[in-house]
Amino acid sequence: MKSILSVEGGHPLTGTITVRGAKNFVPKAMVASLLGDTPSKLSNVPLIRDVDVVTDLLGAHGVVVDYDHDAGEMVMDPSNVQRARRSDIDALGGASRIPILFCGPLLHQLGEAFIPQLGGCAIGGRPIDFHLDTLRKFGAIVDKREDGVHITKPTEGLHGAVIELPFPSVGATEQTLLTAVRAEGITILRGAAVEPEIMDLINVLQKMGAIISVDTDRTIRIEGVDSLKGYAHTALPDRIEAASWGAAALATGGDIRVEGAHQPDMITFLNVFRKVGGAFDIDEAGIRFYHPGEQLHSIALETAVHPGFMTDWQQPLVVALTQASGLSIVHETVYEKRFGFTKALRQMGANIQLYRECLGGTPCRFGQRNFFHSAVISGPTPLHAADIEVPDLRGGFSHLIAALAAQGTSTVAGIDVISRGYEHFMSKLGQLNARVDYVD
């Protein structure tokens, strides 16, 4: 895939596009198929790079994957799970952080797992030690070596544990679920993440035969079972992609209908979208996002774990806030380095200042530390074309939105990163009458 895009901005995005299954759920459901004794079928699967990475990793471990790209349907048969070659894991693992979630299922199926050096977006700490400590509590033996981390199951097997998370980490919650469902005894997870994607993973595991209950105080209780079967499940739609296109409509003065967008998972985003001055119409098939033609409003906003304002919604919305009247304040409480993408926006004419202080009503983990995790956006400021480099997945899509909103023609390098989480984004831009093309 070519990595540099020429973008002629200043034209409203208008039209209809479709979102399929959530990037933050589908790869995890694919990993869960390893736990079953029979094949699993997953529907509404998007064609994104993270799905390709997990498909290859499953294949390296002997899982037969049949993926119908057009229909978005995938069947995974784990009947011949086997040890993967180290070279295959090394080659595939560097592109994603997903391999660490293979540990629990592989320990149950093979008695051992290996984690190479992991990739992913450089937006802040997502320490591997968080996962390793969780696995140790189940009784796993963790051996850190120069080539990676070797993990083995003790002779007596994995056992239930009491786990208390200092922060509702999505990754640690997923790790716990995928390990606890077949560990002997009961696991209590306190301080768990309860995002819609987590709840859908619980739906999948329950279909497989797991016994999982969720309390209102972020406590999840898992009763381990001896075996699990395959599942048939339709993935929930990607609320991050849907919101990204909504922000693109707002920033460009456009009108975008997002088929597949699901209101219950986006209530918090929709409230903020309306406060900023955006408009939307909802029906059973999707959500229409549009700029009503009036001046946008500045806001004060803090990101938070679900049901708060999602950190992945923050970056595309900040682009739209550059066009709002007054001072907007955004306090990032989930990832400490998420404002790196604003450098390119300032290069394009945005007035954005970053601060180390918690500019919000909620003190966070990053207060009194050397992280620029609060932003003040003064607007409206006209954006002009520039040559910019994509920093990460969500920041990259935000740069693309900015280039589409700016006057003139921008070049956006590293654009292939966007394919990690946005299915057919070039085709969708075409459907929205965007003036974009790859640079040879």
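Heavy atoms only: backbone and side chains are in, while hydrogens, waters and symmetry mates are out.
- Residues I115 and L132 meet the side-chain proximity criterion, which asks for heavy atoms closer than 4.5 Å.
- Interatomic distance, D265 CG to L236 CG, rounded to the nearest 0.5 Å: 5.5 Å.
- Here the side chain of S328 pairs a donor or acceptor atom with the backbone of I299 at under 3.5 angstrom.
- Of all non-hydrogen atoms in W313 and I240, the two that sit nearest each other are NE1-CA, 3.9 Å.
- The shortest side-chain heavy-atom distance between Q295 and P380 falls under the 4.5 Å cut-off.
- Put simply, the side chain of L177 reaches to within 4.5 Å of the side chain of T173, judged on heavy atoms.
- Contact between P168 and A192 at its shortest, heavy atoms only, is CB-O, 3.8 Å.
- At least one side-chain heavy atom of L5 sits less than 4.5 Å from a side-chain heavy atom of Y438.
- The aromatic rings of F341 and H399 sit tilted, their planes meeting at an angle between 30° and 60°.
- Scanning all heavy atoms of the two residues, the minimum distance from G171 to H131 falls at O-CE1, 3.2 Å.
- Panel note: side chain E332, backbone Y335; a donor-acceptor pair is recorded below 3.5 Å.
- Listed here is the closest heavy atom pair of V19 and A242: CG1-N, 4.2 Å.
- Each salt bridge (Lys or Arg N to Asp or Glu O under 4.0 Å) pair with one or both residues in residues 5-32, not counting sequence neighbours, appears once here: E8-R435, R20-E423, K23-D50, K28-E174.
- None of T16, T18, D283 except one satisfies the side-chain hydrogen bond (donor to acceptor under 3.5 Å, both in side chains) rule with R257; the exception is D283.
- With Q109 contributing its side chain and L34 its backbone, the two residues share a donor-acceptor pair below 3.5 Å.
- At least one donor-acceptor pair under 3.5 Å links the side chain of S298 to the backbone N or O of S325.
- The backbone N or O of A386 sits less than 3.5 Å from a side-chain atom of S410, completing a donor-acceptor pair.
- Remark: the backbone N or O of N370 is not paired with any side-chain donor or acceptor of R356 at under 3.5 angstrom.
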Margin query: Before you tell me yes or no, could you show the steps for L58 and V54 under side chain to side chain contact (heavy atoms under 4.5 Å, CB included), namely the whole-Å CA-CA distance, both residues' side-chain angles and the distance that decides it to 0.1 Å?
Written below: CA-CA 6 Å; L58 287 173; V54 180; 4.1 Å; yes

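- What you find for P237 and A22 is that their closest heavy atoms are O-CB, 3.8 Å.
- Side-chain contact check for T411 and D387: at least one donor-acceptor pair (N or O, by modelled atom type) lies under 3.5 Å.
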Next item on the list: Check the pair L205 / I222 against side chain to side chain contact (heavy atoms under 4.5 Å, CB included), numbers first and verdict last.
Entry: CA-CA 11 Å; L205 294 170; I222 308 107; over 6 Å; no

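- The shortest side-chain heavy-atom distance between I352 and T322 falls under the 4.5 Å cut-off.
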Margin query: Test salt bridge (Lys or Arg N to Asp or Glu O under 4.0 Å) on R239 and D312; report intermediate values, then the result.
Written below: CA-CA 10 Å; R239 62 192 175 121; D312 289 315; over 6 Å; no

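- Using a 4.5 Å heavy-atom cutoff, the side chains of R274 and N271 are not in contact.
- A side-chain N or O of H331 and one of E302 form a donor-acceptor pair less than 3.5 Å apart.
- Annotation: side chain of Q175 is in contact with side chain of L135 (closest heavy-atom distance under 4.5 Å).
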Next item on the list: Could you please spell out the steps behind the side chain to side chain contact (heavy atoms under 4.5 Å, CB included) verdict for V170 and E197?
Entry: CA-CA 9 Å; V170 169; E197 296 81 7; over 6 Å; no

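- Annotation: side chain of T268 is not in contact with side chain of M310 (no heavy-atom distance under 4.5 Å).
- Between the CD atom of Q323 and the OG1 atom of T252 there is a distance of 10.0 Å, given to the nearest 0.5 Å.
- Here the side chain of H108 pairs a donor or acceptor atom with the backbone of T179 at under 3.5 angstrom.
- In this structure, the separation between NZ on K207 and OH on Y231 is 9.5 Å, given to the nearest 0.5 Å.
- Using cut-offs of 30° and 60° for the angle between ring planes, the F397 and W245 rings count as perpendicular.
- Evaluation of the side chain to side chain donor-acceptor pair (under 3.5 Å) rule for N44 yields no partner, not counting sequence neighbours.
- Here the straight-line distance linking atom CG of N203 with atom CD1 of I198 works out to 11.5 Å at 0.5 Å rounding.
- Residues E357 and S374 have side chains that never bring a donor and an acceptor to within less than 3.5 angstrom of each other.
- Checking side-chain atoms of T38 against main-chain N and O of G230 turns up a donor-acceptor pair under 3.5 Å.
- Judged by distance alone, the side chains of T55 and Y67 never bring a donor and an acceptor atom under 3.5 Å apart.
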Check: Are V258 and I17 close enough, and set up right, to give a side chain to side chain contact (heavy atoms under 4.5 Å, CB included), and what steps lead you there?
Finding: CA-CA 5 Å; V258 183; I17 53 96; 3.9 Å; yes

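- The CD1 atom of I256 sits 11.0 Å away from the NZ atom of K428 when rounded to the nearest 0.5 Å.
- What you find for M266 and A243 is that their closest heavy atoms are CE-N, 3.6 Å.
- Using modelled atom types, no side-chain atom of T311 and backbone atom of T303 make a donor-acceptor pair closer than 3.5 Å.
- Other residues, nucleotides and ligands contribute over 12 non-hydrogen atoms within 6.0 Å of the CD atom of Q82.
- Without hydrogens or angle criteria, R365 side chain to V334 main chain gives a donor-acceptor distance under 3.5 Å.
- In this view, Y290 satisfies the ring-ring contact (aromatic ring centres under 6.0 Å, His included) rule with no residue, not counting sequence neighbours.
- Rounding to the nearest 0.5 angstrom, the gap separating the SG atom in C364 from the CZ atom in F371 is 10.5 Å.
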